[in-house]
Peer 1: 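Could you have a look at this structure, given as structure tokens, before my questions?
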Amino acid sequence: DIQMTQSPPVLSASVGDRVTLSCKASQNINKNLDWYQQKHGEAPKLLIYYTNNLQTGIPSRFSGSGSGTDYTLTISSLQPEDVATYYCYQYNSGYTFGAGTKLELK
Amino acid sequence: EVQLQQSGPEVGRPGSSVKISCKASGYTFTDYVMNWVKQSPGQGLEWIGWIDPEYGSTDYAEKFKKKATLTADTSSNTAYIQLSSLTSEDTATYFCARVGTMGPTFDYWGQGVMVTVSS
């Protein structure tokens, strides 16, 4: 099974900061990776699909990149409404979520 | 507007079964695969399995093969998950999630159903 490791587990940042969340796969996943945002008490929401494609309606401050085993979600200018837990998800072989990065305001 | 409306919270006794539903609207139910995802309290997300409502075909994560049964009723546009032989490990929120057209990506989610296993 492919394991997905997200870092850091918790990230504190200030409004306006550029924030980078990482996701590392245990083997090459060929860019078959999505990013989901989950706010407290809500269902997850798709942000980015196939590594770098912005889902319709998602603000352009969100972007994704990566290849092979290493992937990144970047928020160019953190907003208060971005406080949430972010999960990466691979579907190259089976279907596996990372453990999440909890993003907090400093 | 695509909507996935899930049933209400469930309480099940250890060893019993529960069945929760996910009613789809706003799209052609048989055109999209439905997935189910588990989230234990304070924990991350686990993929359980998927069902193709048109053909009834299914696939499950290995750890859920004896725990979950996925079905779909095309007459009511509703997907179901039945959880059997409940234990405390099954206490969790269960989400249905539609796979969109961009690959095995979940573009719409239900609101989640909390299942509590308690005697």
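Since this is a predicted model, take the numbers as computed values, not measurements. Proteins come first, then strands; the chains are lettered A, B, ... in the order of their sequence lines, and each starts at number 1.
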Peer 1: So what's closer than 4.5 Å to chain B heavy atoms on A:Y87: side chain, backbone, both or neither?
Peer 2: side chain
Peer 1: Would a hydrophobic clustering, with Ile, Leu, Val, Met, Phe, Trp and Tyr connected at side-chain separations under 4.5 Å, put B:L86 with B:F64?
Peer 2: yes
Peer 1: Given the rule that I, L, V, M, F, W and Y join up when any side-chain heavy atoms are under 4.5 Å apart, are A:V15 and A:L103 in one cluster?
Peer 2: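 Yes, A:V15 connects to A:L103 through the hydrophobic network.
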Peer 1: Using a heavy-atom cutoff of under 4.5 Å, enumerate the residues of residues 14-39 of chain B that contact chain A, numbered in order, or state 'none'.
Peer 2: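 From residues 14-39 of chain B, the residues near chain A are B:V37, B:Q39.
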Peer 1: Which pair of heavy atoms, one from A:Y89 and one from B:P104, lies closest together, and at what distance?
Peer 2: CE2-O, 3.4 Å
Peer 1: Is the number of heavy atoms from other residues, nucleotides or ligands within 6.0 Å of CD (B:E89) greater than 12?
Peer 2: no
Peer 1: For residues A:Y36 and A:I2: do they belong to one hydrophobic cluster (side chain heavy atoms under 4.5 Å, members Ile, Leu, Val, Met, Phe, Trp, Tyr)?
Peer 2: no
Peer 1: Could you list which of residues 44-54 of chain B have a heavy atom closer than 4.5 Å to any heavy atom of chain A, in residue-number order?
Peer 2: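 The stretch touches chain A at B:G44, B:L45, B:E46, B:W47, B:W50.
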Peer 1: When you group the ILVMFWY residues by side-chain heavy-atom contacts below 4.5 Å and let the links chain together, are A:F97 and B:Y108 in the same group?
Peer 2: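 They do not share one cluster, since no chain of ILVMFWY contacts under 4.5 Å joins B:Y108 to A:F97.
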Peer 1: Pick one of side chain, backbone, both or neither for B:F106, based on which atoms fall under 4.5 Å of a heavy atom in chain A.
Peer 2: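 When you check distances to chain A, atoms from both the backbone and side chain of B:F106 fall under 4.5 Å.
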Peer 1: Return yes when atom CG of A:N28 has more than 12 non-hydrogen atoms of other residues, nucleotides or ligands closer than 6.0 Å, and no otherwise.
Peer 2: yes
Peer 1: My understanding is that only one of A:D34, A:N32, A:I48 makes a side-chain contact (heavy atoms from CB on, under 4.5 Å) with B:T105; could you say which?
Peer 2: A:D34
Peer 1: Given that the side chain runs from C-beta out, which part of A:E42 has a heavy atom under 4.5 Å from chain B: side chain, backbone, both or neither?
Peer 2: backbone
Peer 1: Please say yes or no: joined through hydrophobic side-chain contacts below 4.5 Å, possibly via intermediate residues, are B:V99 and A:W35 part of one cluster?
Peer 2: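 As far as the 4.5 Å side-chain criterion goes, A:W35 and B:V99 are not connected within one cluster.
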Peer 1: Of all the heavy-atom pairs spanning B:G110 and A:A43, show the shortest one and how long it is.
Peer 2: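 Taking every non-hydrogen atom into account, O-CB, 3.2 Å.
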Peer 1: Chain B: which of A:G98, A:A99, A:P44 shares the most heavy-atom pairs with it under 4.5 Å?
Peer 2: A:P44
